[in-house]
Number of protein chains: 2
Amino acid sequence: MNLLKISKALADGTRYKILKILMANGEISCGELEDHFTLSQPTISHHLKILYDCELVSVKKDGQHSLLSVNKKMLEKYFETLKMELVK
Amino acid sequence: MNLLKISKALADGTRYKILKILMANGEISCGELEDHFTLSQPTISHHLKILYDCELVSVKKDGQHSLLSVNKKMLEKYFETLKMELVK
DNA sequence: TTGATATATTGAAATGTGTCTATATTATTA
DNA sequence: TAATAATATAGACACATTTCAATATATCAA
């Protein structure tokens, strides 16, 4: 786990919203996700790549669709590490 | 509390290190903090301002010194809000 | 009051980030 | 196979961020 990379990924309003949408909707495709934004498709794709690269979001290929979901394990691990490093 | 502002403040290696140093050392001055870095004094001052603006760091003026400390309440509030918004 | 010390501010350079349009790639379906 | 649909990549632009040197401000001490 790259702590700083995850922190940077979380430090953007669009990506934070993506995570909230994915948490609320479970597995959805990129297209469905895009419907929640006025941003262009490449922009959403770019943000998804950042979330994927730090392993906060998982992608399951299903034909021409990509099913997205939050890697809750990684999110939990991030919270715990942050708390441990900073607070304890 | 401005969640995104705090996330951005945490998403920098130098500022993260500042918080860790402050957590480990309690109240120290800017000068003592700078001793932990090879960065210039204005650079550290700049990062401190960002941490102060989002209320993660408190400053107590003591003559010509500024005594720094982490606002643990804010840090805890941040963790809880993040967890509540994302996980629950 | 003057010189020294601690911190903040300014302005500039380099680098990073978010966004778009255009286009490529991959998979489906007619 | 050809057209369509879903997603990814490339390149460009504007803006933000990190850093520094120079300087300003504030406080202490002689």
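Quick note on labels: first sequence line is chain A, next is B, and so on, each numbered from 1. As the structure is a computational prediction, the values presented were derived from the model and not from experiment.
A/Lys17 has its NZ atom 16 Å from the P atom of C/dG18, to the nearest Å. Rounded to an integer number of Å, the gap from NZ of B/Lys5 to C1' of D/dT17 is 15 Å. The nearest whole Å value for the distance from the CD atom in B/Glu32 to the P atom in C/dA6 is 10 Å. What separates CG of A/Leu39 from C1' of C/dT19 is a distance of 8 Å, to the nearest Å.
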Output one line per pair: protein atom, nucleotide atom from nucleotides 21-25 of chain C, and distance, for all N/O pairs under 3.5 Å.
none

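Contact annotation: the side chain of A/Ile6 never approaches that of A/Leu75 to less than 4.5 Å [non-hydrogen atoms, C-beta and beyond].
Distance check, rounded to the nearest 0.5 Å: CE of A/Met74 to OG of A/Ser58 gives 9.0 Å. Between A/Glu32 atom CD and A/Leu22 atom CG the span is 10.5 Å, to the nearest 0.5 Å. The distance from atom OG of B/Ser29 to atom CG of B/Asp35, rounded to the nearest 0.5 Å, is 8.0 Å.
Remark: B/Gln64, B/His65, B/Ser66 in residues 49-72 of chain B come within less than 4.0 Å of DNA chain C through at least one heavy atom.
Between B/Leu48 and A/Ile44, the one whose closest nucleotide on DNA chain C sits nearer the 5' end is B/Leu48.
Residue B/Leu68 is tested with B/Leu48, B/Ile18, B/Leu51 for a side chain to side chain contact (heavy atoms under 4.5 Å, CB included); the sole match is B/Leu48.
As judged by a 4.0 angstrom heavy-atom cut-off over every strand, B/His46 is placed among the base-contacting residues.
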Just do the side chain to side chain contact (heavy atoms under 4.5 Å, CB included) check on B/Leu19 and B/Leu10 with the steps written out, would you?
CA-CA 9 Å; B/Leu19 289 176; B/Leu10 288 173; 3.3 Å; yes

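For the pair A/Ser45 and D/dA8, the criterion of a side-chain N or O lying under 4.0 Å from OP1 or OP2 is met.
Applying the side chain to side chain donor-acceptor pair (under 3.5 Å) test to pairs two or more places apart or on separate chains, those with a residue in residues 3-24 of chain B are A/Glu85-B/Tyr16, A/Glu85-B/Lys20, B/Ser7-B/Tyr78, B/Arg15-B/His47.
For B/Phe79, the CZ atom is densely surrounded, since the number of other residues' heavy atoms within 6.0 Å is greater than 12.
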